[in-house]
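Since the structure comes first, as structure tokens, the remarks are kept for the end.
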Amino acid sequence: MADSAGVLVLAETEGGALSPTAAELVTAGLEVAAGLGLPLSVAMAGSDVEATVQEAASLGAQRVYAVEDGILSTDKPELLLEAWAQICRQTNPAVVLIARTTAGRDLAPRLAARLGVGLAQDCLEVKVDEDSGRMIAHRPVYGGNAMAAVVCNGTPQMACIRPKAYEPCEPDDSRTAEVVSLSITLDESMARVKLVERVAEESEGVRLESAKIVVAGGRGLGSPEPFKDLEVIAGLLGAGIGASRAAVDAGWVPPSWQIGLTGKTITPDLYITVAISGASQHMAGCSGSKVIVAVNKDAEANIFKEARYGVVGDWEKVMPSFTETLRELLS
Amino acid sequence: MPLNIFVLAKQVIDPEMPRSAFQVDRENRRVVTPPTLPPVVNGFDENAVEAALRIKDSEPAEITVISMGQSFALDVMKKPLSMGADSLVLLQDDAFDNTVDSFAVARALTAAIQKIGPFDLIIAGRQASDWDNAQVPLAVAELLGLPSVTIGKKVEVGDGRVTVERQMPDGTEIVESPMPALVTVSNELGQPRYPTLRGIMAATRKQPVVWSLEDLGLDGEQLEPQVETVDLYVPVTEADCEFIEGEDDADAGRLLALKLREAKLV
Ligand SMILES: Cc1cc2nc3c(=O)[nH]c(=O)nc-3n(C[C@H](O)[C@H](O)[C@H](O)COP(=O)(O)OP(=O)(O)OC[C@H]3O[C@@H](n4cnc5c(N)ncnc54)[C@H](O)[C@@H]3O)c2cc1C
């Protein structure tokens, strides 16, 4: 398959650079490519992708497809979708990998349907099965209560990979790639959905996604006030602050604080949970934490099954002395 | 002319069931739940029904709920009717196994949508709480050639357009699309309304339209799965929690802080 892209990573770009997830996809893609004995290609489509070509090469892509078109913009996902579809049709990949980012999780299902193939969603791992020579994708289902291994039957086999499931691969500037330019046809009328306004939430604290320490509270806190106490702890530790969906649904904290399956995925070194039961959908967003600490009055709570350190007790009594001791230790 | 709104809703096992009730039959690659545990309407799909009802609160609209499955608990699936939806269409066939992949489900739903007739808006939940695919609505939009907007927390219509406030990771985004369109919604939309007594009475009198594969003009081949499940298992979590105990809760809090220091975590 000399003309095939082999394993194709569809990389998102941000302001003329590759998105951080691209390097993670390349890590996954190189493994699959090795298993299939195929090359790894990376494709970018955007209004300013020139600089991303060398970036993709330095990550280890053997072939790089760059599509530059002034009308492509992150505000018009329908154009990017069509660009990706045309890239796939022209390059005949055996496997297509997309990151399950905010944009990717919307684009991937439509792209699969447009190409008439299936899609393995939200994958944590993709591997090649030696017997069948097909890619098998492992993914959590039922809110993380179970794991499924799925195989896409059509070609290309397509997988959408959860951010942070793979380590980003190390760039090496001495690497080079074959650069192929593709010509695709897009027109403005394909963009039917229009962005009217984007409202960024103000946040002073540490970004949850990149925080080394995260402190979070759940329904057991009972009201918004105790989150102030958690903010004090977060302040002492330089930590990010989060919450369970129950606390968000109650209106105690903003949706941007939610950790879990339908919230943020965090991978801190230390994750301190207070009055969170540890439902599988919550754990789906934090099981990549190195050390989980749980304070919960229910010794049977699921959170203790995944925690490294636990206190069975009432947060109202546990947390003040915890905070005071921390303050002393850190002063 | 009232607005014609279709809502896609799925019957799922209760995602908030106790963990002990959740079991996997690995050999047959399916989840088994105790027969005593009633299924529910997928939570985000209830949000979708709510989004449709909020539109209907302010202007004439006809809401049709469409669901696909192998078998249904009718009292469960009538909940959208008792909340205020007008009619229910059930696509029921032995061939509609829950493990059938999203693309096949989307095909069947698309066939049903085309059979029912013209519409202005399709609303669905952002994902189903069983397979968490977040895929069927988008595939339906693709098959019907519709613009799609996901993860709405507010959905408004006017002048042939739908305006959606979307929940983003760090804020919100307002987008606008011509109708017909497909919109998915999330829990940030807010609590779905409770059925009223009158609604429940009305729902008992309504009978769903039930269509089989054949009624949809589809054959099994068109629903051949594109994605096959080759294994289903419960992940093992290593449970080696060290419980910190003190003289009382306050003492335990102090010891916990010391422990984290000792472990060089803070
Ligand atoms: C499709 C789907 C997606 C979901 N996505 C997410 C998600 O992204 N994130 C998420 O978090 N959830 C998510 N959920 C919800 C999830 O299933 C749980 O309902 C939720 O995580 C529970 O939040 P909680 O632990 O705060 O509340 P609960 O489960 O009610 O737990 C409260 C805990 O507080 C403890 N407690 C109470 N009082 C005290 C006290 N005084 N001192 C100490 N402990 C106390 C209790 O023992 C209990 O364990 C999702 C659900 C579905 C169906």
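We name chains A, B, ... by the order of the sequence lines, and we start the count at 1 in each one.
Proximity to chain B (any heavy atom under 4.5 Å) is shown, for A:T262, by both the backbone and the side chain. In this structure, chain B has heavy atoms under 4.5 Å from both the backbone and the side chain of A:K194. Neither the backbone nor the side chain of A:M319 comes within less than 4.5 Å of any heavy atom in chain B. Only the side chain of A:I272 comes within contact range of chain B, with heavy atoms under 4.5 Å apart. Looking at A:I292, neither its backbone nor its side chain comes within 4.5 Å of chain B, counting heavy atoms on both sides.
Proximity to chain A among residues 155-163 of chain B is not found for any residue, judged by heavy-atom separations below 4.5 angstrom. Within residues 118-125 of chain A, the residues having any heavy atom less than 4.5 Å from a heavy atom of chain B are, in residue-number order, A:G118, A:L119, A:Q121. Taking 4.5 Å as the heavy-atom cut-off, the residues of residues 253-266 of chain B that approach chain A are B:G253, B:R254, B:L256, B:A257, B:L258, B:K259, B:L260, B:R261, B:A263, B:L265, B:V266, ordered by number.
Atoms OG1 and CG, from B:T150 and A:L107 in turn, are 9.5 Å apart once rounded to the nearest 0.5 Å. One finds the CE atom of A:M147 at 10.0 Å from the CG atom of B:L232 (value rounded to the nearest 0.5 Å). Separating the OG1 atom in A:T102 from the CG atom in B:D170 is a distance of 9.0 Å, to the nearest 0.5 Å. Separating the CZ atom in A:R245 from the CD atom in B:E188 is a distance of 7.5 Å, to the nearest 0.5 Å. Between B:L143 atom CG and A:R114 atom CZ the span is 11.0 Å, to the nearest 0.5 Å.
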> Hey, mind stepping through B:M17 and A:Y142 against side chain to side chain contact (heavy atoms under 4.5 Å, CB included) and telling me if it holds?
Replying inline: CA-CA 11 Å; B:M17 77 188 133; A:Y142 287 87; 5.5 Å; no

>> B:Q167 vs A:Q258, test: side chain to side chain contact (heavy atoms under 4.5 Å, CB included). Steps then yes/no.
In response: CA-CA 12 Å; B:Q167 184 63 51; A:Q258 184 177 318; over 6 Å; no

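For residues 315-331 of chain A, the pairs satisfying side-chain hydrogen bond (donor to acceptor under 3.5 Å, both in side chains) are A:E324-A:R327, with sequence neighbours left out.
Considering B:Q226, B:E224, B:E228 in turn, B:E228 is the only one that fulfils the side-chain hydrogen bond (donor to acceptor under 3.5 Å, both in side chains) rule with A:N153.
Counting all heavy atoms, side chain and backbone alike, B:P169 lies closest to A:S256 at O-CB, 3.3 Å.
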